[in-house]
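Just follow the structure's listing: the first ligand is 1, and inside any ligand the first atom is 1. Computed from a predicted structure; not experimentally measured.
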Amino acid sequence: MRQNRHMLLPEPLVLDTPRLTLRPYTSGDLAAVHGFASDRRLTEYVEWGPNTFQDSRDFLAACRAEEQQDPRRAYTFALTVPDGGAGVRSGPFGSVGLTVDGAGAGEVGYVLAAERWGQGYATEAAAAVVGFGFTVLDLDRITATCRPGNTASSRVLEETGMVLEARLPAHKLIRGRREDSLLYAISPS
Ligand SMILES: CC(C)(COP(=O)(O)OP(=O)(O)OC[C@H]1O[C@@H](n2cnc3c(N)ncnc32)[C@H](O)[C@@H]1OP(=O)(O)O)[C@@H](O)C(=O)NCCC(=O)NCCS
């Protein structure tokens, strides 16, 4: 059933929020992706990055590949602002992703260009993807983890309605150091 739903997804798969258009990445997004993903400020609490140019290329290739998976296991959206009728599509300034395990559970993650922090964009994007996971993919649980020092990410998850369930000791290897994670989760209301 879930697999059939995946196959019926519209292409391109686009989610609209009050201020954002979440769309698939394209090969033309390389410069924009590398612009934010090579910024050290974004990578303090995450396993990846800062990206080399090849890392950014590989990221976009992985995004394209996930669209071909059957059943699909990952959905990565580029965060853009709508063109406002001017016909000019803005470049992506962040990503929000949802991975699914095929058994009803998903995990969400996000990153945003530092210039756009503090404007509620990550919360808006995460909420849209959680809604997509429940209403379109029929998931029954969505989780996320963040490092305990990543206050902004904890706030995003709390604002999205996720609940702190546990602290996972030495959960992620971040630049050679084992770091704890906070595990957040939400089920459909
Ligand atoms: C985490 C991240 C996505 C948050 O993006 P954002 O768009 O700034 O988040 P929002 O504007 O939606 O803000 C959410 C909350 O975090 C707070 N916040 C934002 N930046 C913050 C900061 N540097 N320190 C503390 N709190 C911060 C906001 O005030 C808001 O709190 P509120 O709801 O109480 O007002 C962004 O900081 C980022 O990309 N960080 C690097 C990558 C990363 O850590 N990803 C998450 C991995 S788990």
Side-chain angles (χ1 to χ4, degrees), residues 15-23 25 29-53 55-56 58-60 62-63 66 74-82 90-101 105-133 139 141-186:
L15 306 180
D16 287 309
T17 74
R19 294 181 298 163
L20 298 172
T21 297
L22 277 54
R23 62 157 173 84
Y25 276 108
D29 292 328
L30 181 56
V33 166
H34 192 60
F36 64 78
S38 59
D39 181 346
R40 275 183 194 284
R41 291 174 290 179
L42 275 60
T43 62
E44 182 176 0
Y45 299 109
V46 296
E47 292 164 296
W48 58 269
N51 275 14
T52 62
F53 202 66
D55 290 334
S56 297
D58 292 346
F59 168 76
L60 285 184
C63 292
E66 72 189 25
Y75 301 82
T76 305
F77 295 92
L79 273 56
T80 67
V81 290
S90 74
F93 54 86
S95 298
V96 58
L98 180 68
T99 55
V100 299
D101 69 357
E107 180 170 1
V108 70
Y110 38 75
V111 60
L112 203 77
E115 296 72 30
R116 304 272 189 162
W117 288 358
Q119 298 172 55
Y121 286 131
T123 303
E124 199 167 311
V129 168
V130 166
F132 166 74
L139 300 180
R141 175 175 162 87
I142 295 177
T143 59
T145 65
C146 71
R147 310 301 80 68
N150 197 347
T151 315
S153 188
S154 282
R155 287 296 304 147
V156 168
L157 298 173
E158 288 160 5
E159 290 287 303
T160 307
M162 302 184 87
V163 174
L164 178 61
E165 286 193 345
R167 183 169 178 136
L168 310 176
H171 179 236
K172 297 267 187 184
L173 188 63
I174 313 282
R175 263 155 282 287
R177 274 182 52 141
R178 280 270 152 208
E179 304 279 357
D180 294 357
S181 287
L182 301 179
L183 171 67
Y184 287 83
I186 187 171

What protein heavy atom sits nearest atom 6 (P) of ligand 1, and how far away is it?
Ala122 CB, 3.7 Å

Nearest protein heavy atom with distance in Å, relative to atom 12 (O) of ligand 1:
Thr123 OG1, 2.6 Å

Of the choices Val46, Thr151, Leu182, Thr145, which has the non-hydrogen atom that lies closest to atom 48 (S) of ligand 1?
Thr145

Candidate with minimal heavy-atom separation from atom 39 (O) of ligand 1, of Leu112, Asp39, Val108
Leu112

Decide yes or no on side-chain contact (heavy atoms from CB on, under 4.5 Å) for Cys146 and Tyr45, but give the supporting numbers first.
CA-CA 8 Å; Cys146 71; Tyr45 299 109; over 6 Å; no

Could you check whether atom CZ of Arg178 has more than 12 heavy atoms from other residues, nucleotides or ligands sitting under 6.0 Å from it?
yes

Does a donor on one side chain and an acceptor on the other come within less than 3.5 Å for Glu124 and Thr17?
yes

Any atom of ligand 1 sitting under 4.0 Å from a heavy atom of Gly109?
no

Would [atom] count as contacted, meaning some protein heavy atom under 4.0 Å?
| atom | result |
| --- | --- |
| atom 10 (P) of ligand 1 | yes |
| atom 35 (O) of ligand 1 | no |
| atom 23 (N) of ligand 1 | no |

Heavy-atom side-chain contact between Phe59 and His34 under 4.5 Å
no

Do side-chain atoms of Glu179 reach the backbone of Arg147 as a donor and acceptor pair under 3.5 angstrom?
no

Per side chain to side chain contact (heavy atoms under 4.5 Å, CB included), Pro50 is matched among Asp39, Thr43, Leu42, Asp55 by Thr43

Output yes when the distance from some N or O of ligand 1 to some N or O of Leu42 is under 3.5 Å, and no in every other case.
no

Tyr45 versus ligand 1: do any nitrogen or oxygen atoms come within less than 3.5 Å of each other?
no

How would you list, by chain and number, every residue that makes a ring pair (Phe, Tyr, Trp, His ring centres under 6.0 Å) with Phe132, sequence neighbours excluded?
Tyr75, Phe77

Tell me which part of Gln119 gets within contact of ligand 1: side chain, backbone, both or neither, using heavy atoms under 4.0 Å.
backbone

List the residues meeting side chain to side chain donor-acceptor pair (under 3.5 Å) with Asn51, not counting sequence neighbours, and say none if there are none.
Ser56

